[in-house]
Undergrad: 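Here it is, the structure in full.
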Amino acid sequence: MPRGVVPRQPARTGRQDKVRVGRTAAVGKNARVGTGAPARPGRGKTSAGVSKERQKAPKSETAPSAQKTAAQNATAQLKGYNPIAPERVAQILQRLDQLYPDVTCALTHSSAWELLVATILSAQSTDANVNRVTPELFRKYPTVQAFAALTPEQLEPDVRSTGFFRNKSKSVVGAAKKVVADFGGQVPDDMEKLLTLPGVARKTANVVLGSWFKKAEGVVVDTHVHRISRRLELTTENDPQKIEQDLMKIIPREKWILFSHQIIWHGRKLCIARKPKCADCALENLCHAGDKTWSTVDMHKDAQL
Ligand code: SF4
């Protein structure tokens, strides 16, 4: 039995009993639909379509050699389960396309500079919260030069409600000064140059490059991408940079920008941190997250936060 594989846990709500009616055929053939990974045999009708009567049958009813062969086959199939198999990744991407075909960045902005500021302010905050602050902020300071003329202390009251306002003020004013001094007042469309700006790490740089300049230099790894990539077993890493590297290896480059937006929207709508809405999720039978709230497939304890 592979490491980290645990039996499916029933939802506490018992909700799966209602929803499973329409899915029994799909999951009752001893296979995880669309995952390429089989459900384990002998785990009751809820996980593998095996009737209770058959479960209760004495072992002697089945020839030992047949039992051994079935167990060996199941083990071999489970060993072959690869969560980052290209077919599985393609299925995940296809379903995300169906769910979120036209999603874009939710931060309100009308220039690369405004997007940069909004992204810096969005750390440890919500996009909605940032969107409440930025319209007035950009009215008050309409250009990067206007921000560069400030001291961090002057900016603090304007961004206070986004949290961590002292650090954010320092980053925004520092970035403005550097953009004016070193890049002629234009936000650079280059990863290396962006990373020289105060308060800008790969996540912020990827947001600006992807959403404004339409350049796929990497994958945005924010809290949603971090959590859901692990739940979907696209990575086992915890460090955002390593997660990004893993995602860049398995997701086609032309999908990097859209994938981030789709996962971020999925994280807001369904795959929320606490109590994800798995019964409503179109990725459900591809997902083995150990903290699912409803499941038709085995859950893997490593595939979680
Ligand atoms: S099934 Fe649940 S845990 Fe898995 S992706 Fe969907 S909402 Fe998230």
Side-chain angles (χ1 to χ4, degrees), residues 2 4-24 26-28 31-40 43 46-48 81-101 103 106 126 219-238 240 243-244 246-247 250-251 255-256 258-305:
V5 177
V6 295
R8 183 181 73 81
Q9 302 295 312
R12 284 185 212 116
T13 58
R15 191 174 177 182
Q16 71 272 27
D17 294 334
K18 293 175 199 162
V19 183
R20 276 185 56 79
V21 172
R23 298 187 182 221
T24 307
V27 296
R32 295 180 194 147
V33 178
T35 62
R40 285 179 286 184
R43 292 198 168 267
T46 51
S47 65
Y81 171 60
N82 176 10
I84 57 168
E87 308 78 43
R88 180 175 183 269
V89 175
Q91 278 187 308
I92 290 172
L93 296 178
Q94 195 183 22
R95 292 194 199 177
L96 286 172
D97 283 347
Q98 288 163 356
L99 284 172
Y100 312 105
V103 285
T126 64
V219 178
V220 174
V221 179
D222 74 340
T223 181
H224 299 296
V225 178
H226 184 138
R227 177 178 72 253
I228 298 170
S229 298
R230 285 176 57 80
R231 277 179 171 163
L232 290 173
E233 299 173 281
L234 300 178
T235 182
T236 55
E237 297 290 350
N238 238 326
I243 292 174
E244 185 187 357
D246 281 352
L247 295 176
I250 58 173
I251 294 167
K255 287 277 185 185
W256 287 355
L258 184 59
F259 173 80
S260 307
H261 292 317
Q262 290 171 327
I263 292 288
I264 290 169
W265 280 94
H266 191 54
R268 287 196 194 111
K269 289 166 75 83
L270 292 172
C271 195
I272 47 185
R274 289 185 188 181
K275 292 198 179 174
K277 300 174 183 174
C278 305
D280 300 324
C281 178
L283 297 171
E284 191 280 317
N285 68 351
L286 293 170
C287 175
H288 305 274
D291 57 350
K292 282 172 81 174
T293 54
W294 186 89
S295 192
T296 59
V297 293
D298 283 346
M299 286 150 56
H300 305 172
K301 68 181 179 194
D302 290 339
Q304 58 183 320
L305 287 173

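As the structure lists them, so they are numbered: ligands from 1, and atoms in each ligand from 1.
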Undergrad: Quick one: side chain to side chain donor-acceptor pair (under 3.5 Å) partners of Glu237, sequence neighbours excluded?
TA: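 In terms of side chain to side chain donor-acceptor pair (under 3.5 Å), with neighbours along the sequence ignored, Glu237 is linked to no residue.
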Undergrad: Under the rule for side chain to side chain contact (heavy atoms under 4.5 Å, CB included), what residues qualify as partners of Thr126, not counting sequence neighbours?
TA: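 With sequence neighbours excluded, Thr126 shows a side chain to side chain contact (heavy atoms under 4.5 Å, CB included) to Ala128, Asn129, given in chain and number order.
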Undergrad: With a 3.5 Å cut-off and no angle check, do the side chains of His261 and Tyr100 form a donor-acceptor pair?
TA: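 No, no side-chain donor-acceptor contact under 3.5 Å.
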Undergrad: Any ion pair linking Lys269 and Asp280 (charged N to carboxylate O, less than 4.0 Å)?
TA: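 Not counted as a salt bridge, because no side-chain N and carboxylate O are separated by less than 4.0 Å.
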Undergrad: Relative to the heavy atoms of His266, which atoms of ligand 1 are at a distance of less than 4.0 Å?
TA: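 Under 4.0 Å from His266, ligand 1 has these atoms: 5 (S), 6 (Fe).
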Undergrad: Can you spot which of Glu284, Arg231, His300 makes a side-chain contact (heavy atoms from CB on, under 4.5 Å) with Lys292?
TA: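 It is Glu284; the other options fail the test.
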Undergrad: State which residues pass side chain to side chain donor-acceptor pair (under 3.5 Å) with Asp246; sequence neighbours excluded, sorted by chain then number.
TA: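 If we apply the side chain to side chain donor-acceptor pair (under 3.5 Å) test to Asp246, skipping adjacent residues, the hits are Thr235.
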Undergrad: May I ask you to determine how many protein N/O/S atoms are under 2.8 Å from atom 2 (Fe) of ligand 1?
TA: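 Number of qualifying protein atoms: 1.
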